[in-house]
Protein chains: 2
Amino acid sequence: MFLSHSDIENLNHIYKINLINSCSGYKSANLIGTKSSDGIENLAVFSSVTHMGSSPALLGFFLRPTTVIRNTYNNIKATKYYTINPIHNSILEQAHHTSAKYDASISEFEVTGLEAEYKNKFYAPFVANSPIQLAMEFVEEYNIKANDTILLVGKIIGLYLDDQLIEEDGFINLSKAEIAAINGLDGYAVPENKTRFGYQRPKQLIQTS
Amino acid sequence: MFLSHSDIENLNHIYKINLINSCSGYKSANLIGTKSSDGIENLAVFSSVTHMGSSPALLGFFLRPTTVIRNTYNNIKATKYYTINPIHNSILEQAHHTSAKYDASISEFEVTGLEAEYKNKFYAPFVANSPIQLAMEFVEEYNIKANDTILLVGKIIGLYLDDQLIEEDGFINLSKAEIAAINGLDGYAVPENKTRFGYQRPKQLIQTS
């Protein structure tokens, strides 16, 4: 099957969003937790959280300021703090349900039954029992001209981790953690096996003169 | 285990890059193919390719202009075109080896034995036999102040897909395609199962008064 640029543009809306959301491979599966300045908690699933660098430890994600995701954006801009919680196998259905469009006055924690957890006096709620929990601080944002979205950049200022998941060299074993990956808009997979190849150095190339 | 911001900053370099690269969950696994203006092919593995929007169909990825990845960046800036090829189970080792730092005069296709494929007169090489192949056109770039990286934004102008992978509603079944996901810097997993939950609508909330 081959689709040109205009073929893609002319696809039916649902077909197009399913196709384009799944064509670049698996996406990260995260719940972002925030709290408004008047104390209303918000929780939303995001598939665009991306590693940007380790020193400083920065993660970015994309959002459309005009959709349901606006609650997350407004809360982060108002309070500067949020949490990122990679999604565990046991809460896939509840996690995905946070994509439903609830009014800002309603907490997705309450609706889904996922439990909010507060620790170390951090302002935003973590998802209780998540094997990995990241406390994030807003750093900067970029307005993406090409499609009027926003890249929001944040710094990891706290990291909570189940001790059993970390290997000697700092690698977190995500399959042992039963963390999900997202396929398209609504598909979730929990990888069971992994291979590590290590740091790669150039092969000695044979001179054939 | 809890690590504060300063704990993270003070970690040993290798431990830190392993930890921070794996703490936000699985990452997409893609090979980006380019060709310099004087005809030298380049192929490099990226774990930061991210969906930015479907109309227009935009994907972004992050790169450091000062590393090996510079070949990819320079070629895209000079020629405007590149390919994105989600990584199949059968080529994990070769794909990962493209992360070794080869000189710009050396083609990673040659070094790894992966085959370059040209079609529809597109300038940049695809990875032959990839179940999904995307022809990309450069759109714009953003300099990320927080860590001196670049977000490179491109538009999907052609999409090749194995017909068996696509479902009625446009969803590409990545587990059927045996596409990998990346864990950290050097871990690869190929998810075998997936669940789809569909589009979510708010639940009827019960009035309790």
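These values consider heavy atoms only, across backbone and side chains, with no hydrogens, waters or symmetry-generated copies. Just so we're on the same page: letters track the sequence lines, and every chain starts at 1. Computed from a prediction, not measured in an experiment: that's the story for all the values here.
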At a 4.5 Å cut-off on heavy atoms, which part of [X] comes close to chain A: side chain, backbone, both, or neither?
{"X": "B:D169", "answer": "both"}
{"X": "B:I17", "answer": "both"}
{"X": "B:A146", "answer": "both"}

So which part of [X] gets closer than 4.5 Å to some heavy atom of chain B, the side chain, the backbone, both or neither?
{"X": "A:F171", "answer": "both"}
{"X": "A:N12", "answer": "neither"}
{"X": "A:I84", "answer": "neither"}
{"X": "A:I132", "answer": "side chain"}
{"X": "A:A57", "answer": "both"}
{"X": "A:A180", "answer": "backbone"}
{"X": "A:E140", "answer": "side chain"}
{"X": "A:E110", "answer": "neither"}
{"X": "A:P86", "answer": "side chain"}
{"X": "A:E168", "answer": "backbone"}
{"X": "A:L151", "answer": "side chain"}
{"X": "A:I8", "answer": "side chain"}
{"X": "A:K145", "answer": "both"}
{"X": "A:N21", "answer": "both"}

Count the heavy-atom pairs under 4.5 Å between each of [options] and chain B, then report the option with the highest count.
{"options": "A:K155, A:H13, A:E9", "result": "A:K155"}
{"options": "A:L134, A:V49, A:V153", "result": "A:L134"}
{"options": "A:G60, A:S24, A:A135", "result": "A:S24"}
{"options": "A:D163, A:N183, A:T195, A:D103", "result": "A:N183"}
{"options": "A:D7, A:L58, A:N85, A:L11", "result": "A:L58"}
{"options": "A:I166, A:N173, A:V190, A:I182", "result": "A:I166"}

When rounded to the nearest 0.5 angstrom, what distance separates [atom1] in [X] from [atom2] in [Y]?
{"X": "B:L59", "Y": "A:C23", "atom1": "CG", "atom2": "SG", "result": "5.5 Å"}
{"X": "B:L161", "Y": "A:L19", "atom1": "CG", "atom2": "CG", "result": "7.0 Å"}
{"X": "A:E93", "Y": "B:F197", "atom1": "CD", "atom2": "CZ", "result": "5.0 Å"}
{"X": "A:K101", "Y": "B:Q200", "atom1": "NZ", "atom2": "CD", "result": "12.5 Å"}

Considering non-hydrogen atoms only, spot the tightest contact between [X] and [Y] and give its length.
{"X": "A:A100", "Y": "B:P202", "value": "CB-N, 3.6 Å"}
{"X": "B:S54", "Y": "A:I20", "value": "OG-CB, 3.6 Å"}
{"X": "B:I144", "Y": "A:M52", "value": "CG2-CE, 3.5 Å"}
{"X": "A:K203", "Y": "B:V111", "value": "NZ-O, 3.2 Å"}
{"X": "A:F62", "Y": "B:H51", "value": "CD1-O, 4.3 Å"}

*Does a donor on one side chain sit under 3.5 Å from an acceptor on the other, for B:T50 and A:S48?*
no
_side-chain hydrogen bond (donor to acceptor under 3.5 Å, both in side chains) assessment of B:S28 paired with A:K27_ = CA-CA 6 Å; B:S28 59; A:K27 305 189 284 188; over 6 Å; no
_Is the distance from the ring center of A:F2 to that of B:Y160 below 6.0 Å?_
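Yes, the ring centres sit under 6.0 Å apart.
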